[in-house]
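Here is the structure we will look at.
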Amino acid sequence: MTRPLRPRRSQLSVPGSSEKMLEKAAQSRADHVFCDLEDAVAPSAKVGARAKIAWALNNLDWGKKTRCVRINDVTTEWCHGDIIEIVEAAGANLDTIMLTKPYTAADVIFLDRMLGQLEKKLKLERRIGIEVLIEEVQALQNVEEISRSTDRLECLIFGMGDYSGSQGIDTREIGDTGGYPGDIFHFARFRITMAARAAGLDAVDGPYANFKNPEGYKSEASRAKALGMVGKWAIHPAQIEPALEVFSPLPSEVANARKMEAAYRAAEAQGLGAVQVDGVMVDVAVLRLVKNTLDKADLYGL
Ligand code: COA
Ligand code: MG
C-alpha cells in the first residue's frame, strides 16, 4: 500500500462550528485544511458542528486542498460519534482524519479499525488517511510505535501547546519558548521528524498563537523546516503565506538543484563519482539532498 503524497506546507485550522470560517478556509491558499471538532469548538457546539463540517465538505469547492477533519480524542464521549457521523455523512469528500492526543499505538489502531468498518459499510472507493498529533509526553515516548501503528498513517504533527501542558513547561502563549536558553522544542521536533521519516511519513509543526507576529512565526517555521518538517499549522489566514514561503524551495534553489543533478549525471556517464558545480562538490550523497529539493518542487508544482 503506497501512501498518497500530499502538500502540507500550510495546514489551516478552522473551527467546525463556524460556517463563515469554513467558507473562508475553502477559498484560502492553504495546501491543507482541517475542520476542527476539538479545542476550537465549545463542548456545547461539538455535536452540532459535525453536520456543519459535513455540509462544508460536500458542498464547498475545496480546489486541490487536502480535506481533513480533526476529531476529539479516544478518552472523550465524542470520539466515536465524530468518526461515524463525519464519515457516514461526507466520507467520499474527506481525505484524512486527524486524531488528537493519542498516548499509544492502540489509540491510532482504534481509529484505523473504525475507518475500515465504515469504508466497507459505505462501500467507499478511496481510503481515508490518518494524521496524528504528538502532544502528550507519553506519545513522544511512544512515537516510534505510533509511527508504525497503521499504513493509513500519513503524518505526525508536533502539538506544542498541549505538549507544554503535558510536560509542565511554564509558558502562557503557544509558540513562546519561555526564556529557555536554547530551543525548548528542539528535542521534540527532532524526535518526531526522525520517527516520521523512518516510517515514511510527513512531519509537521503545530500552531503559533500570535497571528500578528509574522517574524516570530517564520522563525519557528524555519527551525521546523531545517529539521526536515514539511509544513506548519496556520490558526489564522494571515499565517498561510508565511508557511508557503518558508516551506517552498526558492526558484534559485530549484534551478541550482537541477544544475547539480545534470552535472552529476554527466559525470557519472564518464565514469566519475564526484564533480564540482560552482566550487561545490557533488557526489551521490549530495544528489540525495538535491533530490529532496526536486521532489518538493514536483509536489508543489514549482
Ligand atoms: N479559518 C478561516 N477563516 C478565519 C480563521 C480561520 N482559522 N480565522 C479568522 N478567519 C477569518 C475571520 O472570520 C475574518 O473574516 P472576515 O474578514 O470575513 O470577517 C478574517 O479571517 C479576519 O479574522 P480576524 O478578525 O483577524 O480574527 P477573528 O477575531 O475573527 O478570529 C481567532 C481570531 C483566533 C478566534 C480565529 O483566527 C480562530 O478561531 N482561529 C482558529 C483557532 C483554532 O482552530 N484553534 C485550534 C487549533 S490550535
Ligand atoms: Mg491539542
Side-chain angles (χ1 to χ4, degrees), residues 1-6 8 11-17 19 22 25-26 32-41 43 45-135 139 145-157 159 199-202 204:
M1 193 67 71
T2 50
R3 290 190 174 91
L5 285 177
R6 309 184 202 272
R8 292 190 161 88
Q11 292 197 328
L12 176 66
S13 173
V14 52
S17 49
E19 288 103 331
L22 287 163
H32 174 294
V33 171
F34 62 98
C35 307
D36 194 21
L37 286 168
E38 204 222 19
D39 290 355
V41 180
K46 281 187 194 284
V47 170
R50 293 172 186 157
K52 291 184 184 177
I53 291 176
W55 183 90
L57 291 171
N58 291 334
N59 294 288
L60 297 178
D61 179 3
W62 296 87
K64 288 188 181 159
K65 289 180 188 64
T66 294
R67 299 152 302 175
C68 173
V69 175
R70 181 168 87 150
I71 60 169
N72 292 284
D73 77 76
V74 299
T75 67
T76 66
E77 65 265 48
W78 298 294
C79 184
H80 70 287
D82 288 349
I83 302 166
I84 294 168
E85 285 192 37
I86 291 290
V87 176
E88 288 201 340
N93 294 314
L94 175 67
D95 300 305
T96 61
I97 286 195
M98 187 188 293
L99 182 64
T100 51
K101 302 185 180 75
Y103 289 84
T104 66
D107 297 337
V108 187
I109 294 167
F110 166 78
L111 173 57
D112 173 70
R113 295 284 194 257
M114 290 276 290
L115 289 174
Q117 292 174 37
L118 287 162
E119 284 164 351
K120 277 189 187 152
K121 180 180 167 193
L122 302 167
K123 302 191 172 38
L124 292 180
E125 279 165 14
R126 272 182 325 119
R127 258 175 132 216
I128 297 168
I130 296 179
E131 320 197 11
V132 300
L133 268 154
I134 304 298
E135 54 183 344
E145 182 199 89
I146 289 173
S147 71
R148 296 198 174 86
S149 55
T150 154
D151 66 3
R152 261 183 219 280
L153 196 55
E154 298 183 16
C155 173
L156 302 181
I157 300 144
L201 313 176
D202 285 340
V204 166

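Just so you know, residue 1 is the first one in the sequence shown, and it goes up from there.
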(message) Determine whether a donor-acceptor pair (N or O, by modelled atom type, separation under 3.5 Å) exists between the side chain of Trp55 and the backbone of Leu60.
(response) no
(message) I need the Arg3 CZ to Ile130 CD1 distance, nearest 0.5 Å.
(response) 10.5 Å
(request) Not counting sequence neighbours, which residues clear salt bridge (charged side-chain N to carboxylate O under 4.0 Å, His left out) with Arg67? List them please. (result) Asp95
(request) Indicate the atoms forming the closest heavy-atom contact of Pro102 with Ala139, along with that distance. (result) O-CB, 3.3 Å
(message) Could you check whether Lys101 pairs with Glu38 (Lys NZ or Arg NE/NH1/NH2 to Asp/Glu carboxylate O, under 4.0 Å)?
(response) yes
(request) Specify the closest pair of heavy atoms between Pro4 and Glu154, including all atoms of both residues, with the distance to one decimal. (result) CG-OE2, 3.6 Å
(request) Check whether any side-chain heavy atom of Asp36 lies under 4.5 Å from a side-chain heavy atom of Pro15, and answer yes or no. (result) no
(message) Could you measure the distance from the CG atom of Leu57 to the CD1 atom of Ile86? Nearest 0.5 Å is fine.
(response) 6.5 Å
(message) Give me the atom names and distance for the closest heavy-atom approach of Val41 to Gly16.
(response) CG2-N, 3.7 Å
(message) Set out, in order, the CA-CA distance, both residues' side-chain angles and the distance that settles side-chain contact (heavy atoms from CB on, under 4.5 Å) for Asp107 and Leu111, then state yes or no.
(response) CA-CA 7 Å; Asp107 297 337; Leu111 173 57; over 6 Å; no
(request) Side-chain contact test, heavy atoms from C-beta onward, threshold under 4.5 Å: evaluate it for Ile97 versus Ile128 and give yes or no. (result) yes
(message) If the condition is salt bridge (charged side-chain N to carboxylate O under 4.0 Å, His left out), which residues does Glu131 pass it with, not counting sequence neighbours?
(response) Arg8
(message) What I want to find out is whether Asp151 reaches Arg127 closely enough, with some N-O distance under 4.0 Å, to be called a salt bridge.
(response) yes
(message) Does atom CD (Glu77) have a neighbourhood of more than 12 heavy atoms from anything else shown, all under 6.0 Å?
(response) yes
(message) Has Thr100 got a side-chain atom pairing as donor or acceptor with Ile71's backbone, closer than 3.5 angstrom?
(response) yes
(message) Is any side-chain heavy atom of Asn72 closer than 4.5 Å to one of Lys46?
(response) yes
(message) What's the separation between atom CH2 in Trp78 and atom CG in Leu37, rounded to the nearest 0.5 Å?
(response) 10.5 Å
(message) Please report the interatomic distance CG(Asp202) to CG(Leu156), rounded to the nearest 0.5 Å.
(response) 9.0 Å
(message) Looking at every heavy atom in both Ala56 and Trp62, which two are closest together, and how far apart are they?
(response) O-NE1, 2.9 Å
(request) Apply side-chain contact (heavy atoms from CB on, under 4.5 Å) to the pair Val108 and Ile146, showing each step before the final yes or no. (result) CA-CA 7 Å; Val108 187; Ile146 289 173; 4.1 Å; yes
(request) Could you tell me whether Glu88 and Arg50 have a side-chain N and a carboxylate O separated by less than 4.0 Å? (result) no
(request) Mark yes when over 12 heavy atoms from residues, nucleotides or ligands other than Arg113 sit less than 6.0 Å from its CZ; otherwise mark no. (result) no
(request) Output the distance between atom NZ (Lys65) and atom CZ (Arg6), rounded to the nearest 0.5 Å. (result) 14.5 Å
(request) With side-chain contact (heavy atoms from CB on, under 4.5 Å) as the test, would you mind laying out the steps for Val74 and Tyr103 before giving the verdict? (result) CA-CA 10 Å; Val74 299; Tyr103 289 84; 5.9 Å; no
(request) With sequence neighbours excluded, tell me which residues meet salt bridge (charged side-chain N to carboxylate O under 4.0 Å, His left out) with Lys52. (result) Glu19
(message) Would you say that Cys155 contacts Leu201 through its side chain, given a criterion of any heavy-atom pair below 4.5 Å between the two side chains?
(response) no
(request) Indicate yes or no: at least one non-hydrogen side-chain atom of Thr66 is less than 4.5 angstrom from one of Phe34. (result) no
(request) Kindly compute the distance separating CZ (Phe110) from CG (Asp73), expressed to the nearest 0.5 Å. (result) 10.5 Å
(request) Determine, stepwise, if the pair Leu133 / Leu99 fulfils side-chain contact (heavy atoms from CB on, under 4.5 Å). (result) CA-CA 6 Å; Leu133 268 154; Leu99 182 64; over 6 Å; no
(request) For residues Leu122 and Val87, report the shortest heavy-atom separation together with the two atoms involved. (result) CD1-O, 3.6 Å
(message) Please give me the minimum heavy-atom distance between Ala199 and Arg148, naming the atom from each residue.
(response) CB-CG, 4.4 Å
(request) With the side chain counted from C-beta on, respond yes when Met98 and Val69 share a heavy-atom pair under 4.5 Å apart, and no when they do not. (result) no
